[in-house]
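The structure appears right after this line, and notes come after that.
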Amino acid sequence: MSLNKNNLTLYFLIFFNGLAFGQVQQERKNDSIVVEQLEPVLITATRTLRQLSSVPLPAQVISKKDIDRINAVRLSEVLNEQTGLVTVPDFGGGEGIQMQGLDSQYTLILIDGVPLVGRSAGTLDLSRISVGNIKQIEIVKGASSSLFGNEALGGVVNIITEDPKPGFKGNIRYRGGSLNAHDIATNINVKNEKVGYTLFVNRNSSEGYDLLEGDGFNTVEPFENYTINAKVSYQVSNDTKLTGSGRFYHQNQDNVASQDLAGKSEINEWNALIKADHEFNDRWNSYLELYGTQFKAEEFLNDPLGDTFSQNNFDQLFLRPEVRTTFKPNSEHNLIAGFGLTHETLRRTDFFETPIFNAPYIYVQYDGNFFEHLNIILGARYDSHNEYESQFSPKLALRYALTETLAVKGSVGYGFKAPDFRQLYFDFSNATIGYTVLGYNAVPDQLQELDNQGRLTENSSNNLDQIISQFNGELRPERSVALNLGFDFKPSSSIQLSINVFRNTISNLIDTRVIANQISGQNVFSYFNIDEAYTQGLEFNSSFNISDNLNISGGYQLLFARDKTAEDDFNNGEVTRQITNNGTVVGFTTLDLDDYFGLFNRSRHMANLKVFYNIPQWNLNTNIRGVYRSKFGLFDTNGNAYLDTFDEFVEANVIWDFAINKTLFKDYELGFGIDNVFNFRDVPSGPDDGIFISNIPGRIFYGTLNINI
Amino acid sequence: MRTLKLITVFTLIILSFFNCSDDDSITLEAIESELVTNLFAPTERDFSTNPPTISGEFVKFDFSSGSITTSETDWDIAFRGTTILVNGGATTGLAQEPQRNGNAAAYLVNTTFENVTEVDESLFVQDSGEGLAIPTGSDNGWYNYNPPTNTVSPLGNTIVFRTADGRYAKVQILSFYKDAPAEITPQIAANDLDHYTFNFVYQPNEGEASFN
């Protein structure tokens with residue numbers, strides 16, 4: 001153990017002395033363990049291990065210790081407390097993350113560097129991921145497609161699970177609390193000189209909650225899920241290491257749509273990764289990765305007679321082999337290059353065929369230090385694709401140490417998100433209203449089919465060829481250019497301040513538009529690249545170690561997230577607002593640009609304040625965390641399709657959490673906590689009220705027990 | 001004295017008659033400004049058949065009387081669901097489409113009602129096989145459709161009409177739901193649709209292009 005730590009420290013001294021030599025040396029004099037705590041490393045920023053404080057990108061690392069102290073069991077709970085991140089409920093039921101004001105579909109979620117899939121409605125549900133076997137969570141903000149390709153448009157969250165460590169170690173951890181929620185997890189770790197194993201088993205369940213009584217269903221229906229994660233590492237020789245890991249996830253949940261319609265939903269997911277690392281010599285390292293994952297979601301609803309009312313299936317398979325090599329001519333320069341292939345298929349209800357995606361890719365990145373103070377990262381990636389326009393994603397990042405305590409860093413990067421399967425292959429007709437949505441690739445055949453059935457109007461039918469000709473090309477990926485500019489200021493070893501200004505300019509946003517009319521009076525929709533939007537703002541983080549045992553930290557994000565088309569419409573005086581009198585519409589008045597609030601579900605201000613306190617003589621640690629969100633709008637309430645200052649908003653709110661943990665007899669730890677101490681809730685006032693926060697159930701009491709074996 | 005008074009009154013009456021008839025020949029009819037509430041124009045959609053069976057009469061409206069009409073010939077515009085036809089132009093192929101026999105036309109102005117004061121004859125469009133004078137679809141014509149909430153909201157713009165007999169009117173649609181509620185709840189969205197509430201100003205004088 002301690003040998004490894006020393007090695008790590010030495011490694012950094014050799015590697016990054018150009019940047020942080022003075023600091024590291026000074027701290028190392030005190031205590032090498034402190035060095036490791038103060039200087040976390042991450043792999044997500046460059047795909048090589050790098051010291052967090054030296055990285056020229058806006059990045060963050062959440063350690064296992066941070067997770068344990070707040071007694072979190074699911075990834076969503078951890079991320080929601082970080083500056084500038086907020087978990088946002090999706091209408092499909094999942095909880096995704098909003099990063100720098102970008103929706104959850106624009107953040108890539110990785111486990112040990114490989115992507116999770118299963119975004120049935122765009123959101124990857126973060127409450128699916130247990131944090132019980134996590135070493136750390138790495139967050140990189142800003143477009144990162146130059147390394148990770150698709151989906152890394154807003155940023156990347158990489159969940160690093162524990163590797164086998166020498167010796168035998170194990171624990172059992174239980175958390176139980178309000179909503180009849182139980183989470184029990186066990187970790188077992190065995191490692192000798194050559195072979196190591198870890199095994200993680202978790203069961204998580206809750207009876208859910210209901211924010212509105214009497215509407216026939218719960219806000220969150222009861223569920224139970226299981227996670228099994230196993231890892232094997234084998235040191236073949238001094239230079240070669242093999243790692244295999246497998247994860248299995250299973251969830252059962254009630255599926256209720258109304259008083260009369262009820263059923264079940266089930267998720268089955270597996271991930272498997274085989275990795276070989278080989279060190280040819282001091283300069284050359286190679287990695288081979290074989291990754292596969294499958295996500296299956298099945299749900300059904302039955303009517304009161306027990307007959308099937310609806311059945312939905314979603315079955316996504318994702319396979320990716322990748323080879324990468326690092327070349328390190330000396331300690332100041334590092335080159336990494338890789339290539340791979342992504343193969344994806346999706347079987348889904350309402351698709352007109354089973355799509356197959358094949359996307360080979362190649363990337364290269366240079367990371368170099370100059371003149372002791374300057375770090376440069378220059379990288380690019382090329383993604384080829386059989387179904388949409390191929391993408392070239394460059395990135396440039398610089399960090400310059402102005403003084404020993406102050407550094408400036410900036411980056412320009414390109415990000416993209418490929419059209420998803422739905423946008424290409426949907427063939428969906430709404431049973432009650434009768435409108436039809438066709439994916440871009442589905443239009444030529446399926447629109448012809450609608451015409452053959454005599455469902456299109458004469459006008460649409462006459463222009464059929466012209467309509468279809470718009471779909472001869474390829475739907476283009478949504479793309480973004482991200483700019484980040486920030487300062488890191490560390491006046492002493494106990495104070496850290498950082499500020500980052502960001503702007504993401506997004507173009508080719510995919511949205512639906514009417515392409516034809518049906519004689520029913522309803523429309524046929526398909527997907528187009530239409531919209532442009534931007535998010536910009538600043539993020540501020542601070543951390544103060546008042547004493548060895550007291551840490552206070554605070555963060556703030558200012559955000560403007562706006563649609564450019566909306567701005568034009570407001571500017572041109574084309575947006576109006578209803579004038580009402582006694583609840584009736586009596587007229588309209590024109591709005592101007594100042595009245596435009598921005599995109600839905602974005603708070604202009606978000607902030608957090610955390611106090612962590614240790615009392616070593618009592619083996620006790622405690623903390624209080626507050627998270628603030630200013631008002632935000634969920635949808636348009638006055639009939640102009642945009643969020644303006646006259647709409648109804650969800651009011652600003654602060655949520656305070658409290659936790660206290662005590663270690664007993666060395667191997668036992670007891671914890672108690674209250675999440676949402678002041679019981680903040682925003683519940684619907686009636687079945688017609690859609691403006692409420694569905695993922696905050698109110699105050700939660702819980703207790704935890706951890707036993708080390 | 002008495003005679004004089006009588007003569008005076010008589011003269012005044014005579015004069016007033018003259019005045020009246022003089023005025024009649026040059027005075028215009030007053031501009032009519034009205035609010036129409038809950039004009040019900042349902043579309044019945046039967047999706048149990050393929051292709052879906054559409055039934056539902058277009059509800060015809062006449063500006064000069066300010067009310068709906070069943071006349072086959074004396075109508076200016078017609079409503080069904082979110083679709084509005086004008087009595088001018090060619091057949092478009094919609095089911096149960098009424099016969100057009102007039103010269104009506106329309107155009108849209110992205111300005112609020114009060115600010116439309118003059119008619120621009122050059123902008124008028126009639127219904128045709130190429131499309132309706134008031135285009136259908138969200139944000140194309142008079143409304144925005146919000147799929148998640150299933151609501152139809154007027155854009156707050158103004159529609160300028162030429163009537164079947166060549167006079168002018170302007171219309172501001174206030175609501176597509178019964179009693180023009182300020183807030184469209186899911187209940188209202190599902191049950192109270194197809195009810196038009198609109199303001200209109202009708203210029204009854206032929207050739208007069210001003211609404212003031």
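Since this is a predicted model, take the numbers as computed values, not measurements. The sequence lines fix the lettering, A, B, ..., with proteins before strands; numbering per chain opens at 1.
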So for atom [atom1], which belongs to [X], do other residues, nucleotides or ligands contribute more than 12 heavy atoms lying within a distance under 6.0 Å?
X	atom1	answer
Lys564(A)	NZ	yes
Phe309(A)	CZ	no
Ile68(B)	CD1	no

Contact origin within Thr580(A) toward chain B - heavy atom pairs under 4.5 Å: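 Contact with chain B involves the side chain of Thr580(A) alone.
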Atom group of Val575(A) that falls short of 4.5 Å from chain B, counting heavy atoms: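 For Val575(A), no heavy atom lies under 4.5 Å from chain B.
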Asp636(A) CG to Thr151(B) OG1 distance, which is reported to the nearest 0.5 Å: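 Atom-to-atom, Asp636(A):CG and Thr151(B):OG1 are 7.5 Å apart.
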Atom of Phe588(A), atom of Leu174(B) and distance for their closest heavy-atom approach: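 Of all heavy-atom pairs spanning Phe588(A) and Leu174(B), the closest is CE1-CD2, 3.7 Å.
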Nearest atoms (heavy-atom pairs only) where Leu155(B) meets Thr576(A):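 Shortest heavy-atom contact: O-OG1, 2.7 Å.
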Contact origin within Asp179(B) toward chain A - heavy atom pairs under 4.5 Å: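 For Asp179(B), the backbone is the part near chain A, not the side chain.
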Contacting region of Leu35(B) [heavy-atom separation from chain A under 4.5 Å]: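 No part of it gets close to chain A.
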